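Structure, as structure tokens:
For the numbers below, each heavy atom of this structure counts, side chains included, while hydrogens, waters and symmetry mates do not. Because the structure is a prediction, the values reported are computed rather than measured. Order of listing sets the numbers, starting from 1, for every ligand and every atom in it.
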Amino acid sequence: MTAELLVDARNATGECPVWQVAEQALYWVDIPAKRLHRWTAAGALDSWSALEMLACIAAREGGGWLAGLESGLFALQAEASGQLSGERLVALDHAQPAMRCNDGRCDRQGRFLVGTMVQDMAQGAPAGRLYSHAAGEGARLLLDDLIVPNGLALSPDGRTLYLSDSHPSRQLIWAFDYDPDTGTPSNRRLFVDMNAHPGRPDGAAVDVDGCYWICGNDAGLIHRFTPDGRLDRSLSVPVKKPAMCAFGGRNLDTLFVTSIRPGGDLSDQPLAGGLFALDPGVQGLPEPAFAG
Ligand SMILES: O=C1O[C@H](CS(=O)(=O)O)[C@@H](O)[C@H](O)[C@H]1O
């Protein structure tokens with residue numbers, strides 16, 4: 001199964017692909033470049049600039065985007081000028097200076113779940129947190145003691161929440177029972193110890209069978225784990241650092257993969273930072289919008 005290069009985007013840190021059914025378009029971000037990108041199935045490419053590092057996005061039911069940046073959660077609009085305009089809805093009270101949002105997505109009720117991390121990942125500071133934000137409310141702290149929160153995804157029934165920590169000292173994926181009424185995770189348990197598999201756990205998506213697809217960063221692989229944590233299969237991309245995957249396309253049966261372009265010699269991975277498409281052989285689920 002060959003990965004198709006869709007955009008030679010050369011993203012420093014391409015993350016958070018989100019398929020928009022009405023537009024038949026994929027949006028994603030480049031975190032340090034502070035940019036939102038769009039690729040349409042018709043082949044058009046656009047991008048917009050933000051004022052802070054832009055880590056994660058969710059479409060809002062009312063239009064525009066809910067986005068996790070450095071200082072908090074913002075309502076953003078993509079302007080014809082190429083800028084993202086908007087306002088901060090929630091200021092995040094970070095555990096220490098120089099932090100930002102990382103992975104984020106909505107639960108099946110439309111609450112936004114978002115992790116935070118120190119900007120300099122090499123510090124390895126466990127200052128990261130997981131928050132939940134519902135429309136009209138602030139940020140509710142769900143978890144702390146995270147280094148690089150990632151891999152957020154929900155089971156098809158919305159009652160199991162997945163979360164990973166990508167830091168080399170962790171490389172773990174947890175599952176939680178998740179109460180859709182209250183948005184509260186409980187019964188934390190180890191889902192997969194990625195130290196036993198190639199690659200560090202990065203961004204993830206769940207398919208119609210409830211299997212969990214996660215990027216194996218540094219290994220050029222996207223792994224599919226069954227709900228009981230068994231490795232079912234692995235697909236490869238021609239870059240070492242796939243960062244996050246999302247289902248999209250006309251039948252939600254394409255797996256889009258963003259990637260990271262590290263510094264240094266790239267002669268063995270010239271397409272690093274590109275956007276890729278794979279045929280996973282299974283459909284995904286529609287991405288919930290933010291209820292607000
Ligand atoms: O900044 C980030 O970095 C890591 C990937 S890497 O260590 O730079 O390869 C990633 O897990 C994280 O989601 C991202 O925001």
* Structure fact -> The closest protein heavy-atom partner of atom 8 (O) of ligand 1 is Ile260 CD1, 4.2 Å
* **Heavy-atom nearest neighbour in the protein, as seen from atom 15 (O) of ligand 1, with distance rounded to 0.1 Å** => Asn102 OD1, 2.5 Å
* Asked: Between Met244 and ligand 1, which residue portion shows a heavy-atom distance shorter than 4.0 Å: side chain, backbone, both, or neither?
  -> neither
* Please write down residue, atom name and distance for the protein heavy atom closest to atom 6 (S) of ligand 1. => Arg200 NH2, 3.6 Å
* Asked: Between Asn150 and Ser166, does a side chain to side chain donor-acceptor pair (under 3.5 Å) hold up when you go through it step by step?
  -> CA-CA 6 Å; Asn150 238 320; Ser166 306; 2.8 Å; yes
* Asked: Looking only at protein heavy atoms, which one is nearest to atom 3 (O) of ligand 1, and how far off is it?
  -> Met121 SD, 3.8 Å
* To do: Tell me yes or no: between the side chains of Ser49 and Gln83, is some donor less than 3.5 Å from an acceptor?
  => no
* Asked: Taking distance alone, with no angle check, do Glu15 and ligand 1 share an N/O pair under 3.5 Å?
  -> yes
* **Minimum-distance protein heavy atom relative to atom 10 (C) of ligand 1** => Asp202 OD2, 3.2 Å
* Can you list the ligand 1 atoms lying under 4.0 Å from a non-hydrogen atom of Asn150? -> 10 (C), 11 (O), 12 (C), 13 (O)
* To do: Among all protein heavy atoms, pick the one closest to atom 5 (C) of ligand 1 and tell me residue, atom and distance.
  => Asn217 ND2, 3.3 Å
* So is Asp218 polar-close to ligand 1, meaning N/O to N/O under 3.5 Å? -> no
* Would you call Asp177-Arg159 a salt bridge at under 4.0 Å N-O? -> no
* Structure fact -> Note: with side-chain heavy atoms under 4.5 Å as the link, the other cluster members for Trp28 come out as Leu6, Val7, Trp19, Val21, Leu26, Trp39, Leu45, Leu252, Phe256, Leu275
* Structure fact -> For Ser166, the atoms of ligand 1 under 4.0 Å from one of its heavy atoms are 11 (O)
* Could you list the residues that satisfy salt bridge (charged side-chain N to carboxylate O under 4.0 Å, His left out) with Lys34, not counting sequence neighbours? => none
* Asked: If you round to the nearest 0.5 Å, how far is CZ of Phe176 from CZ of Arg189?
  -> 9.0 Å
* Flag for Ser47-Arg38: side-chain donor and acceptor within less than 3.5 Å -> no
* To do: Could you list the atoms of ligand 1 found under 4.0 angstrom from a heavy atom of Ile31?
  => 15 (O)
* Asked: Any sub-3.5 Å donor-acceptor pair from Asp179's side-chain atoms to Gly183's backbone N or O?
  -> no
* Asked: Is ligand 1 less than 4.0 angstrom away from at least one heavy atom of Arg100?
  -> yes
* Closest protein heavy atom to atom 9 (O) of ligand 1, given as residue, atom name and distance to 0.1 Å -> Lys241 NZ, 2.7 Å
* Are the aromatic rings of Phe225 and His197 close, with centres under 6.0 Å apart? -> yes
